[in-house]
Structure formats: structure tokens, C-alpha cells
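One structure is given here, and the rest of the page talks about it.
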Amino acid sequence: MASDQQRAMRPPSLMVLGTSSGAGKTLMTAALCRVLKRRSEQPLPFKGQNMSLNAWVDQAGGEMAYSQALQAWAAGLEPQVAMNPVLLKPQGDSTSELIHLGQAVGTARAEHYYRDWFKPGWAAIRSGLGALKSQYPQGRLVLEGAGSPVEVNLQARDLTNLRLAQYLRAHCLLVADIERGGVFAQIVGTLALLSPVQRPLIKGILINRFRGRRELFDQGRSWLEQETGIPVLGVMPWLNELFPPEDSLDLLERRGRKSTAELEVAVLRLPSLSNFSDLDPLETEPSVQLRWIQPGEPLGQPDAVIVPGSKQTLRDLAALQASGLGPELKRYAAAGGQVFGICGGMQMLGVELVDPEGLEGGAGLASPAGLGLLQLRTVFGGAKALRQRRSQALWPLPDEGRSQGPQGIQAALELEGFELHRGVSNLHQFANLEPANLEHLAHGGPLAEDPSLGWWQAWGDQGGLVAGTYLHGVFESGPWRRRWLNQLRQRKGLPLLSERQPHHSQHRDALLDRLADAFEAHVDLGPLLVN
């Protein structure tokens with residue numbers, strides 16, 4: 001435990017607040033963590049409560065928001081659930097699954113959340129803070145707020161903004177997104193709604209996502225400082241680098257076409273899409289253009305289709321079927337298309353999905369039938385599978401192709417990732433596969449000693465391949481990702497890419513360094529760091 005002397009030596013906590021959701025708090029907090037790490041401090045990222053379907057599983061098997069994992073990597077730390085003690089995972093109908101300190105503790109409707117979960121949530125937040133302070137007695141907490149800190153109907157019960165800032169006497173940086181317009185009203189309005197006790201916590205203002213020459217904002221900067229009495233510590237430019245998104249709305253910004261793209265990979269943008277950070281490594285490939293498709297939009301003729309994870313697997317499956325995208329995917333596979341499912345996406349590719357407790361949106365649905373592209377039966381129930389995994393994956397060598405048949409030459413590649421799912425999938429021994437020309441090849445793949453993880457694939461007579469896994473992060477392995485892409489390139493007669501590729505974490509770390517470089521160049525942290 002930290003001694004009184006150690007606690008006295010701890011530098012003041014910092015907090016990044018925003019004038020609204022989407023102001024850029026997550027990346028500004030990550031940048032602040034990396035900058036402090038460069039200055040030989042130990043930053044401790046923390047977000048008391050987060051609402052997100054993009055999750056990470058820590059080494060102890062606890063579930064947390066991916067954005068806090070990103071901030072942990074920026075701080076040079078291994079992510080742990082103490083950094084995000086309360087996680088809400090929306091599951092439709094104004095309800096969310098509640099995760100406290102990494103473990104599911106129940107569900108709550110929006111109108112009853114603060115009544116039923118305020119006290120347990122605050123206890124979890126204090127426990128997370130205590131764990132970090134105990135592990136790192138001289139570390140500096142770097143906290144991220146949520147949404148706007150001055151929602152007047154929520155302020156008295158807000159767990160993760162000003163209540164936490166006051167509790168820790170944190171030095172707060174207020175971030176405003178100038179790209180949205182109305183930046184002066186955002187800032188002045190936010191400050192006007194702070195109480196006299198809260199306002200002194202704001203030590204600086206940061207203008208985010210500014211386009212053009214910064215000197216054009218000098219007059220506005222001076223006006224803000226005179227009007228508010230708070231220094232504008234910096235004007236961050238619009239960053240052209242592609243960073244891991246905080247939530248699925250950011251996927252809408254990924255519209256740019258790559259001039260170097262040779263492959264088009266379609267990704268189904270499911271209504272309850274989760275763990276979409278699985279696709280970030282593919283976004284970094286210059287030769288790959290991802291095309292996100294919502295139910296109701298045409299599939300077209302992509303080189304491959306990825307069915308990603310889902311928080312409500314059966315509801316998303318029903319949406320695919322009702323929109324016609326499900327049957328279109330089956331026709332695509334029958335004609336020789338390449339389909340890859342991850343976690344809930346893999347479950348949808350099976351023959352039968354059974355959800356007796358309604359855990360995945362199956363309650364009241366007329367049919368539990370899947371898309372029938374893999375001979376799998378999934379039963380939902382019991383505790384979540386939450387664990388990091390590492391093992392060898394077998395995958396056909398690209399130059400062997402279909403000519404070698406389903407039992408062609410394969411090579412093992414190192415894979416690592418994590419499981420985060422409900423349900424167990426096993427072979428559906430008596431299924432009538434659709435389309436009929438798909439032949440079951442193998443299961444167990446990367447983790448053969450544990451069939452509950454699952455790796456299944458099936459070759460079709462037209463040269464197509466349907467495969468799936470429970471392993472999140474499967475594309476982060478550079479060699480495996482390149483081998484998967486080379487299978488697609490070979491089919492198009494394109495030259496094969498080198499498989500000598502580093503893990504995606506190296507690319508992510510380089511992005512964080514560039515973000516920190518920009519932050520240091522444009523932000524004066526002095527007033528924020530003064531004791």
C-alpha cells in the first residue's frame with residue numbers, strides 16, 4: 001500500500017473533459033499519456049465509466065473498453081480493468097449490459113440506471129482508483145471524461161466527469177471540436193453551467209481539429225482568454241492519420257478511396273456491431289479498401305466479405321435475413337466467394353443458433369437458423385468466455401490454391417488475441433449444409449486443444465472459402481494477415497505480398513508517437529502541470 005509520504009509526492013491528477021461527445025477526448029488523453037511518458041512520468045489512464053461496444057480483455061480475463069486499452073499502450077502499460085471500472089455495453093431497447101471491474105454484473109434500463117446502479121458504480125470506480133494508486137504510488141492519473149460534463153439533468157448523478165474531478169481535485173483540460181462549428185458557444189456555454197466550486201478546476205482550453213493556418217484563429221484565441229479568464233493551451237490541427245475509432249459512428253468518416261487499393265474487402269456493418277477494432281489492421285494495408293455495408297445495401301462483388309462481431313447476434317442475423325443481405329451473402333459464397341466470420345459473425349455463418357435465455361437477442365424470434373455456410377451449432381448460455389490466447393494457426397499456403405484440395409499443404413503461423421463471447425459452437429453433425437457444395441474441412445485450427453474457441457473453414461467447388469474464428473485480433477498478426485490477403489491476391493492474379501510483417505501493435509505505437517509529436521508541437525502543458 002502507498003505510504004502517506006508517497007501519496008504526498010504524487011503529482012496532481014489531470015482530466016480531459018469535452019464540450020460534447022466526439023470532441024476528441026480519447027485521442028487527446030492518449031496523446032497526453034504518451035507525452036508524460038516521454039517526460040519520465042508514469043501516466044495512469046482512467047475512465048470511470050465508458051459506454052462502448054468496442055472492448056478489450058486484459059491478461060486477468062476482465063473486460064474493459066478498447067479506448068482505455070489504447071491509452072494504456074500510450075502510457076507504456078499493460079491494460080487492466082482498473083483503468084475502466086464501469087463499462088456499459090448497449091444491447092438495444094434502452095438497455096445495457098453492465099461490466100464492473102471486468103465482470104458482467106447485470107443489465108439496466110436507461111430510466112433506472114442511476115436509481116439502481118449509482119452507488120455500486122461509484123464503489124467500482126473508487127476500487128479501480130485504489131488499485132492503480134496502490135500499484136503505482138508515484139504515478140499521475142490521467143482521466144478521460146464522458147460526453148459533456150454539464151448535462152444539467154444528469155450532473156447530480158454523473159459518475160465520471162465533475163464528481164470525479166472534484167473527488168481527485170484534478171486539473172482539467174476542456175477540449176472543444178472546432179470542426180463541428182460553434183466552438184465559442186461550446187466553450188462559453190460549458191463554463192457558464194459549471195458551479196463556482198467546479199469552474200476553478202478548468203486550467204486550460206484546447207481547440208481540436210482545426211483546419212488551415214493556426215494564426216487565423218489568433219483573434220478567437222485572444223477573445224476566449226479575455227472572456228473566460230482561462231488560457232487556450234493549444235490549437236490541435238486536423239490529423240490525417242487514421243486512428244483506432246472510439247465508437248461505430250467514426251466508421252462513417254472512413255469514406256476515402258485508396259489510390260493503391262487492389263483488393264476490396266466488404267465488412268458488414270451490423271446494427272449491433274462490436275469489436276470493430278478487429279478491422280484496424282486491414283485499414284493500414286495500402287492494397288486493401290474496406291467497404292462497410294449496412295443491411296439493405298447491395299453486396300456487390302468484393303474480393304472477400306468479413307462478418308464481424310455482434311453484441312446481439314440473433315437480432316443482427318434477423319436484420320441480415322430481412323434485408324436480403326443474408327441470402328445475397330449465401331449466393332456470393334456459393335459462387336466461389338471468400339467469407340470470414342469473427343466471433344458473433346462466425347456464429348451467424350453456422351446452421352443453428354439456440355438462445356433460450358435471450359442473451360443475444362434471440363427471445364421471441366421465430367427461427368434460430370443461421371446462414372448455413374459452416375456446419376456449426378451454437379448454444380448461448382452460461383458465463384462469458386473472457387481470456388487472452390496465443391497459439392499456432394494452420395492456413396493453406398497461397399501458391400497451393402484449390403488444386404491441392406481441402407487437405408492441401410498448410411503452414412502454421414503464430415496468432416494471438418482474445419476471446420469475448422457467450423455461447424459454445426460445435427459441429428452440427430446432421431445439418432443439411434447450404435449451399436450444398438460446401439464441404440467441411442477442419443475445426444479446432446489455431447487452438448485445437450480447446451474446441452470451444454473454434455476455428456472452422458469450408459472449401460467450395462467454385463474455389464471459395466468460408467472460415468471463422470472466435471479469436472478477436474486475428475488480423476493483428478502481420479504474417480497471418482498477409483497470408484490471408486495473398487489468398488485473395490492469387491485469385492486475382494496479383495503478385496504476392498511479403499509475409500515478413502510486424503505485429504500491428506508496432507504500427508499502432510508509431511501512430512501514437514505521431515499523435516504525441518503533434519500534441520507537443522501545438523499544446524503548452526505548463527499551466528496544466530503546475531501543482
Side-chain angles (χ1 to χ4, degrees), residues 11 14-16 18 23-47 54 56 58 64-80 83-84 136 139-144 173 175 177 204 206-211 214 233-246 250 253-254 256 258 260 276-286 288 416 473 475-479 481-482 500-526 528-529:
L14 307 180
M15 190 168 199
V16 178
K25 296 184 294 293
T26 294
L27 288 183
M28 293 304 97
T29 303
L32 185 52
C33 285
R34 179 56 60 96
V35 169
L36 292 175
K37 184 66 176 175
R38 289 175 173 179
R39 298 184 182 188
S40 300
E41 289 197 30
Q42 181 53 75
L44 307 174
F46 186 87
K47 186 165 184 172
N54 212 26
W56 179 262
D58 73 1
M64 61 185 290
Y66 180 84
S67 54
Q68 273 60 72
L70 179 71
Q71 291 161 1
W73 295 320
L77 296 173
E78 180 65 30
Q80 58 174 292
M83 298 169 179
N84 173 216
Y136 304 98
R140 186 196 291 268
L141 286 163
V142 182
L143 305 102
E144 179 190 347
L173 177 67
V175 177
D177 178 9
L206 175 62
I207 307 299
N208 196 23
R209 299 182 179 133
F210 184 80
R211 295 179 186 264
R214 280 180 297 153
L233 301 186
V235 180
M236 278 291 288
W238 181 272
L239 297 173
N240 293 323
E241 296 287 352
L242 183 64
F243 292 103
E246 178 182 8
D250 288 329
E253 299 178 5
R254 296 178 167 184
K258 297 178 183 176
T260 56
F276 40 85
S277 54
D278 287 338
L279 284 304
D280 285 334
L282 287 176
E283 288 275 17
T284 69
E285 288 284 352
V288 176
E416 61 182 32
F475 288 112
E476 298 217 352
S477 165
R481 181 176 69 252
R482 282 294 178 88
R500 299 175 65 87
Q501 290 296 302
H503 194 271
H504 178 67
S505 58
Q506 293 188 30
H507 178 86
R508 182 174 57 221
D509 202 56
L511 284 178
L512 289 169
D513 272 333
R514 288 200 283 274
L515 174 64
D517 290 343
F519 194 87
E520 287 191 293
H522 296 96
V523 181
D524 175 17
L525 289 178
L528 195 66
L529 301 181

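The basis for the numbers below is simple: all heavy atoms, side chains too, and nothing from hydrogens, waters or symmetry mates.
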Any [X] side-chain heavy atom under 4.5 Å of [Y] side chain:
| X | Y | answer |
| --- | --- | --- |
| L525 | L173 | no |
| T284 | H504 | yes |
| V175 | L206 | yes |

Would you name the heavy atoms of [X] and [Y] that are closest together and state the gap between them?
| X | Y | answer |
| --- | --- | --- |
| K25 | V16 | CD-O, 3.9 Å |
| D280 | Y66 | OD2-OH, 4.4 Å |
| P11 | E41 | CG-OE1, 4.3 Å |
| F519 | M236 | CA-SD, 3.7 Å |
| P45 | A75 | CD-CB, 4.0 Å |
| A521 | R214 | O-NH1, 4.4 Å |

Rounded distance (nearest 0.5 Å) linking atom [atom1] of [X] with atom [atom2] of [Y]:
| X | Y | atom1 | atom2 | value |
| --- | --- | --- | --- | --- |
| E144 | N84 | CD | CG | 9.5 Å |
| N54 | M64 | CG | CE | 12.0 Å |
| L515 | M28 | CG | CE | 5.0 Å |
| Q42 | L77 | CD | CG | 4.0 Å |
| L32 | L528 | CG | CG | 6.5 Å |
| L141 | M83 | CG | CE | 10.0 Å |

Item to complete: Tell me, please, which residues at least two apart from D58 pass side-chain hydrogen bond (donor to acceptor under 3.5 Å, both in side chains).
Response: none

Discussion item. List the residues meeting side-chain hydrogen bond (donor to acceptor under 3.5 Å, both in side chains) with R34, not counting sequence neighbours, and say none if there are none.
Written reply: D509, D513

Do the side chain of [X] and the main chain of [Y] share a donor and acceptor less than 3.5 angstrom apart?
| X | Y | result |
| --- | --- | --- |
| D177 | R209 | no |
| E476 | S505 | no |
| T260 | P286 | yes |

Practice prompt. Check the pair R482, E285 against side chain to side chain contact (heavy atoms under 4.5 Å, CB included), reporting the backbone distance first and the verdict last.
Written response: CA-CA 9 Å; R482 282 294 178 88; E285 288 284 352; 3.0 Å; yes

Item to complete: For the pair R508 and L70, evaluate side chain to side chain contact (heavy atoms under 4.5 Å, CB included) and give the outcome as yes or no after the intermediate values.
Response: CA-CA 9 Å; R508 182 174 57 221; L70 179 71; 3.9 Å; yes

Worksheet entry | Working for side chain to side chain contact (heavy atoms under 4.5 Å, CB included), residues L529 and R39 | CA-CA 12 Å; L529 301 181; R39 298 184 182 188; 3.5 Å; yes

